Every structure is written in C-alpha cells, then in structure tokens.
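As structure tokens, the structure follows; a few thoughts come after it.
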Amino acid sequence: MSTTPATADQTAPQTAQQAAGKPVFDPAAVRDDFPLLGVEVNGEPLVYLDSAATSQRPRAVLDAERRFLETVNSAVHRGAHTLAAEATELFEGARATVAGFVGAEPEQLVWTSGATAGLNLVAYSLGNAAAGRAVPGHEDAVRQWVPGPGDDIVVTEAEHHANLVPWLELAARTGAAVRAIPVHDDGTLDLDAAGALLTPRTRVLAFSHVSNVLGVVNPVEQLVALAREATGGTALTVLDACQSAPHLPLDLPALGVDVAVFSGHKVLGPNGIGALYGRAEVLEALPPFLLGGSMITTVTLEGAEYLPPPQRFEAGTQPVSQAVALAAAVDYQRAVADRFGTDALLAHERALERQLRHGLRELPGIRLLGDAAGTDDGTVERVALQAFEVDGVHAHDVGQLLDARGVAVRVGHHCAQPLHRRFGTTASVRASAGIYTTAHDVDVFLDALSGVRSYFGVA
Amino acid sequence: MAGLDSLYQELILDHAKRRLGATDLAELPELTESTCGATSHQRNPICGDEITLRVTLDGEVVSDIAWEGLGCSISQASASMLTDLARGTTTAELAQLTEGFREAMRSKGQLPLDEERYGDAAALSGVSKFTARVKCAMLAWVALEDATRRARPTTG
Ligand SMILES: Cc1ncc(COP(=O)(O)O)c(C=O)c1O
C-alpha cells in the first residue's frame, strides 16, 4: 500500500534532525520491502500497529529462509556430507550475526524457540540445580542463584506472563517467594521500592527492559546496581529484552545483566527462533534444562556428560532455517541503520511515540496506561508503543471497530494480567509501531479511534 | 462500516446497556438446600472477559438467572439476551437451545438463529462470521450450561 510520505504532523525531534541537516529516516523507503504491508483488510489498506505482538518480515528474510531450504537444508552438527557441513556453517554464522546484534560473542548466544523458552530455560535450570544437579565444579557459582525457603525472586509488576509464571513455579518448587517491584501511575518503576525489595535474600532479579504494555525503557544499569548493592553481586540478573530489541540498539554485556532473552519474530525474523544471551561464567555454571541429543559428550546407561555452552542448552534438532532467517533480519536492520543512521531511526521512533501518545491524550474519553510525562523532557525514555482504555467501550469492541478500518491493534491483557489489575482494569487496547510504521499509520489509527465512542453511544 | 453493523445490531447494543439479570451476586440470598441452584464462573482467557452466573431451578424449570461480569458488548449483550430467553424454560429445552446456539456460532454465518425460538438472542447470528468474537457470545451460555449441570448433579 501507500508510500504516503510522513505527514505534516512531524513532531519536534524529526524536525530538529532536519533542521540540523542530519539524515532523516522516512519509513516509506522501507515499506516496499515488506510484502504483507500491501494487503487490504476489510477493503481498507492495512494499518499494522501490532508489531509488539509480532513484526512483519522483509523479503530479505523470507528469501533467506527459502534459499536455505532450497539449497542447503540438512541437519547441523551431525553427519559428514557436504550439505550438512554447509548448513552447520550457516547455522553457526547466524549465531555470530545474531550475537553481534546484541553486542555479544557467539559462545554467549544460545538458540531457543523464543523468549518464553529462554526464560523457562533459566528457571528450570535453577530448579535442576536446586534438586542437586549442579554442573560439577560449578556448585558454588550456581548456589548463590538457587532460591530456597526464605529466599526471594524479585520481578516487577509489569512483567509479561513469560517472565512471571516460570518464576512463580520455581518459587513454589523451592519454597522461595516472588516479590514484585511496583509500577508508578506514569508507568515507570518505583526504584525506592526496588531498593527495599532487593536484599541479601534475593537470588534472582528478573525484569523487562521495556514492558510490552507500558513502553517505558527501564533503567537496567540502575536496577543491576541496586541488586549488586543489596547482595554483593550474588543475585542472578535476568533481562527480558523482547520489546527493546525491536526498537533500540542493544549492547547486553554493557548493560551488565547476567542473562537476557528475546524473540526472533518481534525483530523482523521468523517464528520459532529466539536467543538467550548469558555471560560466559553464568552459562558455564547453569545446568541444562532440555536433555537429549546434540548436547552430550558421552552417554552410558548410567549417565551422561554434557557439552559446554551454548550446545549444552540446545538439545534436539534445532530450527536451522529460522536461525539463518533471523540472521538475515539482523543484516537487514543493520543495512537500514547504515543507510539512514541509527540516530535518524531513533529520532523517528521518538516522533512516532510522541505522535501516538499526544494524539491519544487529545481524544476525549481515553485513559493511557502509563503516561510518562517525562518522555517529553527526555527524563523518561519510551518506545512507540501505547496501551489505553476507552471510557465506556470495552477493548475488544474498540479493536473490532478499528479492524473495520483496516487498523490492526492488540486488545486484551497482553499477557500482563497483574499489570492490568494494578491499573484497575482487565483489558486494554495497544498500538505499537515497527520500523515500517509511518506517521500516516498513526493518523489513520487516531482518526478511526475518534469515532468509536459515538458508534457505541457513549459520546 | 457495513460489515460491522451485522455484528453490532441495535438490539445488541441495547442489551449490552440493559444487562438483564446483571446484579451484584454477593447481595443475593445464599442458595440453600431447598433452593436448587448453582453458580458457574467462566472466563475468556484471550481477552479477560469474565462471568459468574447463578441459576435457580424449580423442578425442571429455570426459575431465575442472575449474573455479574465484565466484558465486551457482545458478551454482555449475550448474557442479557440469554437471561431473557432462559427464564421459565425447562432444562431440557435449554439444553436444546444451547446446542442450537453453539452450532450457529460455529457456522461462520451459515446457520442463522431462528427468531421465533431465540427471541432477541437471534440478533447474535451475525457474530458467527467474526470467529474471534464467538467465544464472547458463548461465555454466558457455557456458564449457564455448567451451572445447570451442577444444580442437578445426578439426573440425566
Ligand atoms: C515483554 C515480553 N516478554 C516475553 C514475551 C514472550 O515472547 P514469545 O511469545 O515470543 O516467547 C513477549 C511477547 O509477547 C513480550 O512482549
């Protein structure tokens, strides 16, 4: 569909970019790379504002997967035939590319089927250590992270269920408690409360870089420092980078976390692939979660010895074509960043974030979930993602009306029930942008939304 | 938005506001040994819609329905219409109506509900074309089916 240029609605940062003669990113320049964006929905051109749920894939990604399947496909790390060797090379090359995307070394990157699998890997690994299955020689290292009776696993009130339920289960199995850092009304974390919740009994601190409902960028370094202060550095810090990876350049080692996860399908890549980053000493010390082929050195009928990381955590046949395609997604994003400049991309992100938030604020009867005013003066960083409620109209009905205009948004609790409860509701509407989102998309969305309350007779 | 109007018919929007049978369940007298009744709590995990519905039976007849719930206009309207329809029916009639409703909802617009049998609830026919909304329409019906089954645990 449209290659509609950004409208006159350009907000300050982009104008500043322009005024300063810096390169400007116009998403119209990349939209044609995404075949799906050309579809019509209910007779209207698609306005896709659900990238936080899953992003669309550029042709380069679709082609890379197809090319691999048509010319190289075979099992990796097994067998000596030519294709197997080529596939292994591409698979490991993809690991290096994706590791580079988050500032990591290839050995620090474990393939998973997605963020959920990565978080479960960590929680179950600690559970296995709690059951006495520490990696020989690493008992002391892992012991400091393993929760027991009287210990705490600290999360935040804003976590996606993927970064909450595995910890609840681990706590239930080990006798530990899960404690949640509260969220302020504006969507930022209550860091004073965090300081009080983190104690020498904290074994794990698990939190999202960006909540999938609030869009606020949490102060990772500050939280890591608070955990270090409280525990002397013994707590395992786990970062859910699902919603930051699509929007911000990431350097996970620099953030100082022990472990981080993200999903391929949210960063222009395929489903069924994701990655877990871990500091080398941490991966060394974590026992495996899934067990079986490809992760062992020697197996007897009495027991098995395991490969070092990352293979220790990659049991079974891996999603190879997806890994290769995820690397293509990373390459694609790097090419766009090289062409327009990372600053221009970030400026566009901020412009969309403001257009979305300010546009919503101006409509009557809309309540934003987390409305950090500090975003405007730069004291709070945000990504272009906003959840809201419409007074008198249920989120599901709002979504239906928007859908009739071709606008795709997410409705419901977005896998964050505790956070919705904290904001006094069960469901909200969420609009979220991707690299291909234009100011025009946001305009169409706001226009469609402005008719919702009168349709349902509440305005 | 022509397609939408087949979903959001006037009657649906009316019932979503009127919410027949909606009440604060905590305010109702407790069910006792002699009042044959039961409660069912159902939720739609996808969008967070919830309903708690209480049925009271007088022999084989549904003498009362009361519910409280949160949800979209389709789920609220459906609960209201069902209350209207089911009060005074026998449990056997109700089971047939529920089966017919379920079939219609699964029919993707192929099986409209008969107005004579379903009354206002026939206006929900259009929902079956919007597969993502079928669960919303079904929620109260599933709750009533479950509550009725619990109210008469050993018969049938
Ligand atoms: C913040 C956050 N964490 C975790 C997940 C889970 O990701 P996946 O379903 O790809 O495993 C999501 C995706 O919805 C998310 O937004």
Side-chain angles (χ1 to χ4, degrees), chain A residues 40-44 50 53 160-162 165 213 369 387 389-430 444 447-459, chain B residues 1-19 22 41-52 67-81 105 108-109 123-140 142-143:
Chain A
E40 292 200 339
V41 170
N42 296 318
E44 303 279 344
D50 199 16
H160 187 282
H161 297 160
V165 184
V213 177
L369 270 66
E389 282 188 296
V390 178
D391 182 32
V393 186
H394 191 270
H396 225 169
D397 294 317
V398 176
Q400 194 81 55
L401 255 76
L402 296 179
D403 182 58
R405 291 277 305 271
V407 179
V409 294
R410 176 85 184 259
V411 300
H413 52 60
H414 324 310
C415 301
Q417 285 182 8
L419 183 65
H420 278 80
R421 213 165 285 128
R422 182 253 174 264
F423 278 97
T425 184
T426 55
S428 65
V429 184
R430 179 186 71 192
V444 174
D447 183 58
L449 186 63
S450 67
V452 165
R453 292 180 81 233
S454 63
Y455 185 92
F456 286 99
V458 292
Chain B
M1 295 203 264
L4 264 197
D5 293 337
S6 74
L7 178 64
Y8 293 118
Q9 305 203 4
E10 277 306 318
L11 259 179
I12 293 183
L13 298 180
D14 278 359
H15 270 278
K17 290 214 178 84
R18 252 163 63 207
R19 304 172 88 237
H41 177 72
Q42 299 291 327
R43 53 174 67 218
N44 176 352
I46 299 166
C47 59
D49 287 358
E50 282 190 52
I51 190 168
T52 306
W67 57 275
E68 63 186 28
L70 283 172
C72 65
S73 59
I74 303 297
S75 73
Q76 303 296 289
S78 184
S80 174
M81 291 163 161
M105 286 300 112
K108 304 201 163 142
L124 292 164
S125 294
V127 175
S128 78
K129 276 181 273 174
F130 296 80
T131 46
R133 305 307 295 273
V134 167
K135 275 215 167 84
C136 312
M138 284 303 306
L139 197 66
V142 170

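Within every chain, numbering begins at 1; the chains are lettered A, B, ... in the order of the sequence lines, protein sequences first and strands thereafter. In this text, all values refer to a predicted model and were calculated from it rather than measured experimentally.
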d(Phe456(A) CZ, Tyr8(B) OH) to nearest 0.5 Å is 4.0 Å

Contact check, side chains of Asp5(B) and Tyr455(A), non-hydrogen atoms, under 4.5 Å: yes

How about residues 418-429 of chain A versus chain B: which residues have heavy atoms under 4.5 Å apart? Thr426(A), Ala427(A)

So which of Asp49(B), Leu70(B), Ile74(B) has the largest heavy-atom pair count under 4.5 angstrom toward chain A? Asp49(B)

Chain A contact via Ala16(B) - side chain, backbone, both or neither, heavy atoms under 4.5 Å: neither

To the nearest 0.5 angstrom, please state how far the CG atom of Leu13(B) sits from the CG atom of Asp397(A). 8.5 Å

Of the non-hydrogen atoms in Cys72(B) and His396(A), which two are nearest, and what is the gap between them? CB-CB, 3.6 Å

Chain B contact via Gln400(A) - which portion, at a heavy-atom distance below 4.5 Å: both

What I'd like to find out is whether the side chain of Ser73(B) reaches to under 4.5 Å of the side chain of His394(A), using heavy atoms alone. no

Would you say Glu40(A) has more than 12 foreign heavy atoms packed within less than 6.0 Å of its CD? yes

